[in-house]
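Step one of this worksheet: look at the structure below.
Reminder, nothing fancy here: chain letters follow the sequence lines and each chain counts from 1. When reading the values below, keep in mind they use all heavy atoms of this one structure, side chains included, and skip hydrogens, waters and symmetry mates.
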Protein chains: 2
Amino acid sequence: MNTPKNTEQASKPAKKTRGRPLAFNQEQALKNALQVFWQHGYEGTSMAELVEALGINKPSIYATFGNKEALFGQALEKYVAGPAAFVGEAMKEPSAKQVAEKFLTGAVAFFTDQNHPPGCMIVQAALSCGQGSAQIQETLIEYRKRLEENFKLRFDLAKIHGDLPANTNSADLAKYLTTLHQGMSVQASSGASKESLLALVQIALKNWPSD
Amino acid sequence: MNTPKNTEQASKPAKKTRGRPLAFNQEQALKNALQVFWQHGYEGTSMAELVEALGINKPSIYATFGNKEALFGQALEKYVAGPAAFVGEAMKEPSAKQVAEKFLTGAVAFFTDQNHPPGCMIVQAALSCGQGSAQIQETLIEYRKRLEENFKLRFDLAKIHGDLPANTNSADLAKYLTTLHQGMSVQASSGASKESLLALVQIALKNWPSD
DNA sequence: TTATTTATTTACCGATTGGTATGAAATTAT
DNA sequence: ATAATTTCATACCAATCGGTAAATAAATAA
């Protein structure tokens with residue numbers, strides 16, 4: 001008997017199901033998968049590495065999450081809903097400038113947080129890759145474009161509210177923000193310090209549009 | 001007899017050497033390798049793909065360029081000296097602001113040039129990867145840091161020349177520029193248009209430091 | 001012609017890739 | 001107990017990975 005005991009890791013009362021119970025925590029396994037994909041990207045992560053990181057063997061991974069691509073997709077959802085949720089929060093700030101400031105400074109804190117890999121998974125995980133990963137690459141591009149579009153809509157709203165000049169080009173401003181964000185992700189993954197990135201943000205925000 | 005004739009591709013007079021002559025143009029082969037690495041990154045490019053792209057078979061590649069890593073290194077050198085040479089040119093502009101403007105607008109034109117893959121190879125080719133490519137990743141990080149450092153030195157000079165305020169932080173300004181550059185590379189590889197990127201550059205340069 | 005040198009071709013190598021078949025182990029329902 | 005159900009572990013799969021051995025082809029030197 002080499003299998004670990006079912007030590008009831010889940011917080012839920014473990015609804016009675018038939019058959020052998022799961023020997024691992026799915027949430028924790030997904031969290032571990034996220035860490036690995038975040039650090040080494042989609043192609044750079046092998047199933048062997050995932051087996052080791054999740055602590056469960058291959059057939060269990062496939063039974064629980066599907067194939068490598070499906071696992072990445074679920075890790076990505078977890079990333080957006082969890083670690084990267086600060087982006088949605090920033091969007092709720094009362095003014096456009098505050099949105100931008102919160103977004104960029106939040107990104108700096110996030111990118112340089114020692115508790116997880118540096119940089120943004122959506123930027124890093126499949127920037128360039130072989131043809132076999134083109135679908136993943138496209139998915140990440142869509143995520144980035146959606147964020148930019150959301151900023152554009154937020155800035156359109158700000159123009160109506162009057163906290164952004166009426167002649168401002170919302171789309172250009174949104175691209176300015178997301179480009180800085182993506183660039184900072186590259187910087188952070190290359191070892192840039194929190195301080196240097198914060199200084200950069202100050203420069204970037206100095207010329208915020210105003211009447 | 002299936003081998004192609006030696007149709008004297010090189011421009012040079014083909015110095016007489018002993019033994020069977022090369023059946024391909026090394027320069028052209030390296031150019032092709034550069035294209036592939038540029039598009040699919042280091043890990044995303046397989047030897048099989050290189051064989052097809054270079055038009056020569058594997059043993060010839062190994063005999064001429066060494067292994068995959070060595071070939072990438074030579075392609076990278078070609079990239080820096082050739083396509084990416086505009087960066088060095090921008091550095092020679094007479095004032096700091098002109099350096100920045102030339103660099104960013106040049107990058108936009110470069111990143112969206114239809115004659116080669118979008119974005120910057122030094123940013124894209126190994127942003128995240130498996131442990132086996134850590135050396136390549138580190139090399140590219142060094143290239144990026146060197147560029148940033150060069151901007152910093154150029155801005156230090158500008159402060160002495162007086163075309164940049166004396167209280168300007170050269171390092172921060174250099175990071176601002178390279179971060180925009182890296183972000184634009186991500187944008188371009190995701191399909192951003194030349195026009196949208198140029199608009200972004202205008203925003204980015206609006207608050208250039210001045211007395 | 002013959003020997004020497006270099007390049008190209010074909011075929012192959014062990015290792016690793018993502019992905020599974022299969023049978024044993026662990027649980028609940030009867 | 002025993003049957004039914006589900007998960008786990010071992011071992012395996014074909015395909016691809018980067019890289020090479022060995023023989024043949026094409027040139028020059030003698």
Give none if C:dA29 has no partner; otherwise give the nucleotide forming a Watson-Crick or G-U wobble pair with it, both distances under 3.5 Å. D:dT2

Ring centers of B:Y79, B:F37 separated by less than 6.0 Å: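 When the ring centroids of B:Y79 and B:F37 are compared, they turn out to be at least 6.0 Å apart.
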
Given that B:Q26 and A:A48 both sit by DNA chain C, which one's nearest nucleotide is further toward the 5' end? B:Q26

Is there a donor N/O on one and an acceptor N/O on the other, under 3.5 Å, for the side chain of A:R18 and the base of C:dA29?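 It does not, because no donor-acceptor pair links the side chain of A:R18 to the base of C:dA29 below 3.5 Å.
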
Check A:L127 against B:V123 and note the closest heavy-atom contact, atom names and distance.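 Scanning both residues, the minimum pair turns out to be CD2-O, 4.5 Å.
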
So, is [X] close to the [N] phosphate, meaning a side-chain N or O under 4.0 Å from OP1 or OP2?
X	N	value
A:N67	C:dG18	no
A:S60	D:dT7	no
A:K68	C:dG18	yes

Check the distance between [N]'s [atom2] and [X]'s [atom1] and give it to me in whole angstrom.
X	N	atom1	atom2	answer
B:F24	D:dA26	CZ	C1'	15 Å
A:F65	C:dG19	CZ	P	15 Å
B:M47	C:dA11	CE	P	19 Å
A:I61	D:dT7	CD1	P	15 Å
B:L54	C:dT8	CG	P	12 Å
B:I56	D:dG19	CD1	P	15 Å
A:E52	C:dT16	CD	P	13 Å
A:E43	D:dT16	CD	C1'	13 Å

Taking the side chain of [X] as its heavy atoms from C-beta onward, which of [options] lies nearest to it?
X	options	value
A:K58	D:dC8, D:dA26, C:dT20	C:dT20
B:S46	C:dA24, C:dG18, D:dC17	D:dC17
B:Y62	D:dC8, D:dT20, C:dT20	D:dT20

Atom pair CG/CZ of B:L205 and B:F103 - distance to nearest 0.5 Å: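 Spacing of CG (B:L205) from CZ (B:F103) equals 11.0 Å.
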
Check the orientation of B:W38 and B:F110. Use parallel for under 30°, tilted for 30 to 60°, and perpendicular for over 60°. tilted

Once you apply a heavy-atom cut-off of 4.0 Å, does A:N57 come out as touching a base, just sugar-phosphate, or nothing? base

How is A:T64 classified with respect to the nucleic acid when contacts are heavy atoms under 4.0 Å: base, sugar-phosphate, or nothing?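 Contact class for A:T64: none.
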
Pairing of A:K175 and A:E148 as salt bridge, 4.0 angstrom limit: yes

